[in-house]
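Counting starts at 1 for both ligands and their atoms, in listed order.
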Amino acid sequence: MLLDGTGSIVYFNVYNLVLVNCIRSPSIGFGHTPTYSDQILEICVTSFRNIVRLLYCIPMIVSCCDCVASTPTASATYNGTTHVFRLDGGNVTYAFGVNNEGELESVYWGARLAPTDPLEKPKHKGRAFEMDDTPQEFAGWGGGLLAEPSLKISFPDGNRDLVLHYVSHELDQGGLSVVLRDISRDVFVTLHYSIDAATGILARSAEIANKTKTPILIEQASTGEWNLPPSSEYSLRYLSGRWGGETQLQSRAIEQGTTVLESRRGTTGHEFAPWFAIAQNSAVTEWDGEVWFGALAWSGSWRITIEQDSLQQVRIVGGFNPFDFGYELKSNATLSTPVLYGGVAQHGFSEMSQLESSFQLTHILPQSPHPKVRPVLYNSWEATAFHVTEQGQEALANKAAAIGVERFVMDDGWFSTRKDDHAGLGDWYPDLEKFPHGLKPLIDHVHGLGMDFGLWVEPEMVNENSELYRKHPDWIIHFDGRPRSQARSQFMLNMAIPEVQAYVLGFLDKLLSENEIAFLKWDANRVFAEPGWPQVSPDEQKKIYVDYVEGYYGVIRELRRRHPKLEIESCSGGGGRVDLGVMGLTDEVWTSDNTDPFDRLSIQDGFTYAYTPQVMMAWVTDSPNWYDHRSTSLSYRFLSAMQGALGLGVDLNKWTDQDIAEAKPMIAAYKRIRSTVQQGILYRLVSPRDGSNFSSTESVENDGSQAVIFAFLHAEQMQYPSPTIFPRGLREDAMYTLEPISGAVAEGAPSSASGAFWMHHGLAFKLEGDYVAAAVILKVQ
Ligand code: GLA
């Protein structure tokens, strides 16, 4: 147990390494520095809850002393003298305080500081012609605020002024909550903060409560503001894209003005990932320099603004997209924002991605903190498109099992009247022409081959030509009396409507209860248009942007509760729904419909800037590739896909004996390296971006016992040898044996050497021709 000198008594939880605060009542007023006896007294006399906590503390006091020094810690503290709150976790300190006006003002976000470092009481900032330059934690739009607000409200009497001041706080399980209130009206905002002990990644969200007697209209709501000190040196990294070209890493200088990353589509979207990274200056590289980063956990319309004001202060604000937003909050109701996770890396973009990956594995994914490695999957889509049949799928399953596939997934085309994309969505029962005895015979067959079975569904969608639409044309998102736009010949069911949620949950539950289905590929191939919800009053219709997503999340949550072994992939025309919200409910994501192995190098490279390789599905598909007609060798296709969670989407009926003979050892090798690739430490050694002719990645097992290195040559030119690469993260003194997976290393490379040798002497591959690749394992002897 520690007394942290600021009024909190803290103890360590030996399991998740999170430091928990025994609650300190905010009732001790400002200007009073609590003494040790104050603290004990306070705990003794406050609520029953606190007493229970104290009782819980006692055994910990005895048992935790030894674990303090050797484990990462997190703490949340409040200094009653300076009124500064401080969160420490990993290598990060985050601090903010109550300023002289009562506003909550940001103080510091960066590398971890010493416990005694001075963090002064913040002071409201303004100039003669600018009322407010204060970097607030959560600014209401009012009181002359010119920066991006976190919250904007219209009251029924026409007032739109909102000025939020500190009311109280509570230190709690590894985090804290701070309550703000408008200066005259009973609108309360509770800001939630917690920090991860291992990575220093903070989770922030806000809960807005209307305690006035009338409804209020929330026009804009974010998770809060993240402030960086003035500088003209910052640069922004973000991920942009489109269907078939997702997660392309972009870079731009941060200059006065605002960069807007957003989706207005009702879902996460392909166009931008809800993620940002800010480099401190132009010297930041993969390996060096300070980077602030963040990702929003929301799968609906979202917006992140990165704003540099006229004083060169930088603010990041992320949350619901205010475009077309209007959430009517009734008296005594609350609205919670999504969570924005933010972190700081001191050693460049590589460390940033490692922190993100580790955090997502241990805190975000449904199976966290120890998600199972992804099974090798076969998916029939590129082989058969809609033309699935029982016999055809069984034939593919036989071949898939023979080469080592562990999960067989039947894609689109299995249900109702689904012969192409013009009919059937909404009617989720097997097409009896294709599956005369239902899905059971195929599933039994797949199980008999030792694989588990997965199925494609697109639950939120309906075709005009379907029984469901004929019965419930009003269940789709639409405005009465207006055209209903179709995309891929389909409409979107309005998941905000309780009956729709019940229908979707009902058919999925039935499918899963009647069939042994281990996995669903949950697709969503279109986005909002004409976003009306005529079933509710006009004042409430814009709630669709929140309630749709909550409805979608709710169905998945309940489905998983009823079927705890179920795994789900989030797909949306490829990578159109990837974010930390959906990743909390699904086990993997479909990275892109573009399965060309060369294009995939840059898509996957960008993906890993924000998301863990564990969830990044990557298939080996046919050559020439359907998307861009490029021809590549089977080994090149395998090695590109083996950098993520491996799947196969080839037409196995076309495979020669030679293809099979080549694939089997590749799949066997992948099974040996997959925990390293999916859950280890990724180093992007040479980038495939910007026309790079050569690229390379390395993944190292967390204990350094094994590394896997992949290298890709785009086109051989003038017989230049492939560049020497310098692996990272190995144990300097350990001896590593080199074992080729595919392709060859350059002549003269030893078969065994120390970690120091490989890292400093380097390693070169023999890559000759175009679209060639090689991969090796370095294994501690
Ligand atoms: C989307 C998915 C594909 C496939 C098709 C089926 O495009 O991204 O992988 O499932 O739908 O219609």
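- At a threshold of 4.0 Å, the pair K521-D411 counts as salt-bridged, since one of the basic side-chain nitrogens sits closer than that to a carboxylate oxygen.
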Would D651 and E382 satisfy side-chain contact (heavy atoms from CB on, under 4.5 Å), going step by step from the backbone distance to the final call?
CA-CA 7 Å; D651 185 350; E382 288 198 24; over 6 Å; no
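- Protein heavy atom at the shortest distance from atom 2 (C) of ligand 1 is D523 OD2, 3.1 Å.
- Residues satisfying the side chain to side chain donor-acceptor pair (under 3.5 Å) test with S633, not counting sequence neighbours, are S635.
- Note on ring orientation: taking the six-membered ring where Trp is involved, the planes of W522 and Y552 are perpendicular (angle over 60°, cut-offs 30° and 60°).
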Less than 3.5 Å apart, which donor and acceptor atoms pair up between the side chains of residues 544-551 and the rest of the protein, not counting sequence neighbours?
from: Y545; atom 1: OH; to: D324; atom 2: OD2; distance (Å): 2.7
from: Y548; atom 1: OH; to: E460; atom 2: OE1; distance (Å): 2.7

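- When each atom of ligand 1 is checked for a heavy atom of N525 under 4.0 Å away, the hits are 1 (C), 7 (O), 11 (O).
- At a threshold of 4.0 Å, the pair E558-R562 counts as salt-bridged, since one of the basic side-chain nitrogens sits closer than that to a carboxylate oxygen.
- Short contacts between ligand 1 and W590, defined as distances under 4.0 Å to a heavy atom of the residue, involve ligand atoms 8 (O), 9 (O).
- Under 4.0 angstrom from ligand 1, there are no non-hydrogen atoms of N379.
- Of the listed options D412, D411, L425, D412 places a heavy atom closest to atom 12 (O) of ligand 1.
- Contact atoms of ligand 1 toward C571: 2 (C), 8 (O) (distance under 4.0 Å to a heavy atom of the residue).
- Between F638 and W655, the ring planes are tilted. Angles from 30° to 60° get that label.
- Between W456 and ligand 1, an N or O atom pair is found at a separation short of 3.5 Å.
- For atom 3 (C) of ligand 1, the nearest non-hydrogen atom of the protein is D593 OD1, 3.5 Å.
- Scanning all protein heavy atoms for the shortest distance to atom 9 (O) of ligand 1 gives K521 NZ, 2.7 Å.
- In this structure, R488 has a heavy atom closer than 4.0 Å to ligand 1.
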